[in-house]
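Counting starts at 1 for both ligands and their atoms, following the listed order. Numbers here simply count residues along the sequence, with the first being 1. Not measured: the values here are computed from a predicted model.
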Amino acid sequence: MARTQLLIGTTSAGKLLEWQSLIGDLPLELLTLHDVGIDFDVEETGDTFAQNALLKADAYGRASGLLTLTEDAGLQVAALNGGPGVHSARWEGSDYAHKNALLVRLVEGKEGAARACRYACVVVLRRPEDGKLWYARGEARGQIAHVPAGSGGFGYDPIFYVPRLGCTLAEVPIDEKDRISHRGRAAGRIRPILRQLIERRAA
Ligand code: IMP
């Protein structure tokens with residue numbers, strides 16, 4: 001029996017790696033945008049993570065004709081009134097050494113709740129036959145680290161300090177990040193839907 005194909009609609013190598021780790025155990029054939037010859041970016045014009053994830057699911061799902069999973073995620077910092085949020089990827093450019101150093105400076109001298117931040121992730125799964133959509137959301141809470149640390153993960157992970165772990169998300173192995181991350185939590189919620197879709201296709 002052929003495995004159900006699932007397109008992971010992201011251009012981020014970091015996200016792709018995590019999705020492969022999060023759902024790679026399911027009987028799915030995971031495909032990338034590159035695998036299916038899609039080479040366009042989707043403009044993220046939405047005001048919310050859900051709107052942007054939907055824009056991507058719609059564009060990549062229609063272009064590929066495949067079951068498609070997309071996500072939109074970002075870092076929300078209390079001291080920035082929830083920013084950079086949906087603008088996380090573009091905020092202050094693309095150099096994360098600079099972005100992370102700037103965030104550390106922004107909360108300099110603050111302690112505890114004043115350093116609070118969270119990651120949020122909204123996942124959208126789109127079925128090609130009828131365009132039916134499923135949504136799942138996940139969050140992870142942390143604090144802006146006093147100094148960036150670690151070389152794992154991607155993006156803001158070196159400054160995403162998790163008090164419970166006593167280290168940043170860039171300092172833990174991928175399976176540990178999967179267990180507690182915004183993406184891991186959203187993946188846990190979308191898994192039962194994926195299982196159902198796989199079972200129905202096999203029946
Ligand atoms: P988008 O979902 O493509 O708009 O990009 C989300 C942006 O949020 C990424 O480019 C990162 O800057 C940030 N981000 C989201 N999730 C993570 C994560 O797990 N680790 C580090 N940065 C993240």
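- Note that CG of Leu165 and NZ of Lys177 are 12.5 Å apart. Values are rounded to the nearest 0.5 Å.
- Phe49 and Tyr135 have their aromatic ring centers separated by at least 6.0 angstrom.
- Each of the atoms 1 (P), 2 (O), 4 (O) of ligand 1 lies under 4.0 Å from some heavy atom of Asp72.
- For Gly153, the heavy-atom gap to ligand 1 stays at 4.0 angstrom or more.
- Counting the atoms of ligand 1 from 1 in the order shown, those under 4.0 Å from a heavy atom of Lys15 are 1 (P), 2 (O), 3 (O), 5 (O).
- In terms of polar-atom proximity, Gly155 is not counted as a contact of ligand 1, lacking any N or O under 3.5 Å from an N or O of the ligand.
- Note on residues 85-97: pairs passing side chain to side chain donor-acceptor pair (under 3.5 Å), not counting sequence neighbours, are Glu92-His98.
- Residue contact check for ligand 1: Lys99 places no non-hydrogen atom closer than 4.0 Å to it.
- Remark: ligand 1 atoms within the under-4.0 Å shell around heavy atoms of Tyr96 are 9 (C), 10 (O), 11 (C), 12 (O).
- The contact set between ligand 1 and Lys177, taken as ligand atoms under 4.0 Å from a residue heavy atom, comprises 18 (C), 19 (O), 20 (N).
- Nearest protein neighbour of atom 6 (C) of ligand 1, counting heavy atoms only, is Ala73 O, 3.0 Å.
- What sits closest to atom 20 (N) of ligand 1 on the protein, heavy atoms only, is Asp157 OD1, 2.7 Å.
- Not a single donor-acceptor pair under 3.5 Å links the side chain of Arg141 to the backbone N or O of Arg118.
- One finds no salt bridge joining Asp41 and Lys56 here, because no Lys/Arg side-chain nitrogen approaches an Asp/Glu carboxylate oxygen to under 4.0 Å.
- Of the charged side-chain nitrogens involved, none lies within less than 4.0 Å of a carboxylate oxygen, so that Glu199 and Arg201 do not count as a salt-bridged pair.
- Which parts of ligand 1 touch Ala89 is read off a 4.0 Å heavy-atom cut-off, strictly below it: atoms 5 (O), 7 (C), 10 (O).
- At a heavy-atom distance under 4.0 Å, only side-chain atoms of Lys56, from C-beta outward, approach ligand 1.
- Under 4.0 angstrom from ligand 1, the non-hydrogen atoms of Tyr119 all belong to its side chain.
- Using modelled atom types and a 3.5 Å distance limit, the side chains of Glu71 and His182 yield no donor-acceptor pair.
- When all heavy atoms are compared, the tightest approach of Gly188 to Pro192 is O-CD, 3.4 Å.
- The backbone and the side chain of Phe154 each have at least one atom closer than 4.0 Å to an atom of ligand 1 (non-hydrogen atoms only).
- Protein heavy atom in closest approach to atom 4 (O) of ligand 1: Glu44 OE1, 2.8 Å.
- Taking 4.5 Å as the limit, some side-chain heavy atom of Val77 sits within range of a side-chain heavy atom of Leu103.
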